[in-house]
Number of protein chains: 2
Amino acid sequence: MATRTDAPTRREQILKEAARLFAERGFHGVGVDEIGAAVGISGPGLYRHFAGKDAMLAELLVGISGQLLTGAKRRLAEADGGGAEGVLDSLIEGHIDFALDDRPLITLHDRELDRLRDSDRKMVRQLQRQYVELWVGVVREVYPGLGEPAARSAVHSVFGLLNSTPHLGRGGSLPGRGATAELLHRMARGAFAAAEV
Amino acid sequence: MATRTDAPTRREQILKEAARLFAERGFHGVGVDEIGAAVGISGPGLYRHFAGKDAMLAELLVGISGQLLTGAKRRLAEADGGGAEGVLDSLIEGHIDFALDDRPLITLHDRELDRLRDSDRKMVRQLQRQYVELWVGVVREVYPGLGEPAARSAVHSVFGLLNSTPHLGRGGSLPGRGATAELLHRMARGAFAAAEV
DNA sequence: CAGGGAGGTTAGCGGTCGTTAACCTGAAGG
DNA sequence: CCTTCAGGTTAACGACCGCTAACCTCCCTG
């Protein structure tokens, strides 16, 4: 698991707060002064750590896409020979963990992509595409009745389902993390199964 | 069906283009000059039709939420006594029609809510809540094994699934509107079924 | 103990944006 | 024919925002 125990660097603090603010009010809706204030320094101080506001967003989005893809590849490799069913469950579990633990990032991920420089956007799109295609392969193995276009649509739709976590009441009345994760998992599997034929 | 055949008013043109632009680049990412240019007039000319940029967004979001709720109430009333299954299918169908035909609005609907004045935001939230609760009631009738919190989470997640249409390749390789609608419908039902117990 | 870099600060510039002001025009109506 | 008004126009203002410049202050290190 390799959990971090040392204190987060200033850069990491900034990225975390920027992600939260961008998710809450949109990239253009947040000023650099606010981001600075969120970590206890003031506006222009951020430029000691990032080339500009765009660079923060770029690093966040590239980081998210890369993390998702890397995790998925690892899960695919780990369960090699262990049945496609198990791999799909592992993929779903990983995506749910991400959606539940990093809601702001999940929100940014499909909301602010167009605010990136061309080169960064291309990179993020490529990582996202690889991630989707990895899912599509596994899904078609588990549900052979699905054609490729249908499988791709189904995968995008299940992402929509799993990424709905920001809309689930902010920690108030929902049935706890474990139960929510389980519910989402079952629904994802049910959606895929119903997509087949 | 009461289909409109007369030409759209200028106000309606503006709202339509504003919705598209807001969905593409975000509320703060679009200038009034661009909105004006999209309908062939220039920036400040918009103020003959709207009190300001905020008013356009408010009218769009209130309109969407109201339309969704009104349509859902109508479907519930129409099929009265005709079985909860049929009502749920009708609700799903209505939501899919909306998601497929008005993608920009669906995008705005859960993205730019926080940019509204307090009073407008409260109104939209109330309409949305009524819409969700209507679904929750029907879903629990069809799937009695679902508790109320689980049903509400499931409804939000299915909305995420259905609202994924903007991510499905923009008219390129996807299997045509009818097939897409059918796929989404089956997946929604499958997700609900899998949520139960 | 000098000095230099890391990481702050405030002041301010330049551009953009929402909005208003002032003016114009063409068509409808008495 | 004169008036009125809806629906435009351009100019410009004031606020805000991203970013740079110039400066300061520790702390580490040779």
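Computed from a predicted model, the values in this text were never measured in an experiment. Letters A, B, ... are given to chains in the order of the sequence lines, protein chains preceding strands, and every chain is numbered from 1. Only this structure's heavy atoms are used, side chains among them; waters, hydrogens and symmetry mates stay out.
Computed from coordinates, the B:Gln13 CD to D:dG7 P distance equals 12 Å when rounded to whole Å. The CG atom of B:Asp54 sits 16 Å away from the P atom of C:dC17 (whole-angstrom rounding). The distance between atom CG of B:Asp33 and atom P of D:dG8, rounded to the nearest whole Å, is 15 Å. Rounded to an integer number of Å, the gap from B:Ile14 CD1 to D:dG7 P is 10 Å. In this structure, B:Leu57 places its CG atom 12 Å from P of C:dG18, rounding to the nearest Å. Across the protein-nucleic acid pair, A:His28 atom NE2 and C:dG18 atom P stand 11 Å apart, rounded to whole Å. We find that CZ of B:Arg117 is positioned 18 Å from P of C:dG18, with the value rounded to whole Å. The distance between atom CZ of A:Phe50 and atom C1' of C:dG7, rounded to the nearest whole Å, is 14 Å.
At a threshold of 4.0 angstrom between heavy atoms, the contacts of A:Gly45 include nucleobase atoms, whether or not backbone atoms are also involved. A:Val30 comes within contact range of the sugar-phosphate backbone alone, with a heavy-atom separation under 4.0 Å but no base atom that close.
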- Task: Apply side-chain hydrogen bond (donor to acceptor under 3.5 Å, both in side chains) to A:Arg117 and A:Ser119, showing your working.
- Result: CA-CA 6 Å; A:Arg117 282 174 33 224; A:Ser119 63; 2.9 Å; yes
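For A:Lys53, counting side-chain heavy atoms from C-beta on, the closest listed nucleotide (C:dT20, D:dG18, C:dG18) is D:dG18. Distances were taken from every side-chain heavy atom of A:His49 (C-beta onward) to each of D:dT20, D:dT10, C:dG8; the shortest belongs to C:dG8.
Listed here is the closest heavy atom pair of B:Phe50 and B:Glu59: CE2-OE1, 3.8 Å. Residues A:Ser65 and A:Leu127 share a closest heavy-atom pair of CB-CB, 3.7 Å.
Residue whose closest nucleotide on DNA chain D sits further toward the 5' end, between B:Ser42 and A:Ala51: B:Ser42. Residue whose closest nucleotide on DNA chain C sits further toward the 5' end, between B:Gly52 and B:Arg48: B:Gly52.
Distance CD/A:Glu12 to CG/A:Leu15: 8.0 Å, rounded to 0.5 Å.
Between A:Phe159 and B:His167, the distance separating the two ring centers is not shorter than 6.0 angstrom.
An OP1 or OP2 oxygen of D:dA6 is reached within less than 4.0 angstrom by no side-chain nitrogen or oxygen of B:Arg10.
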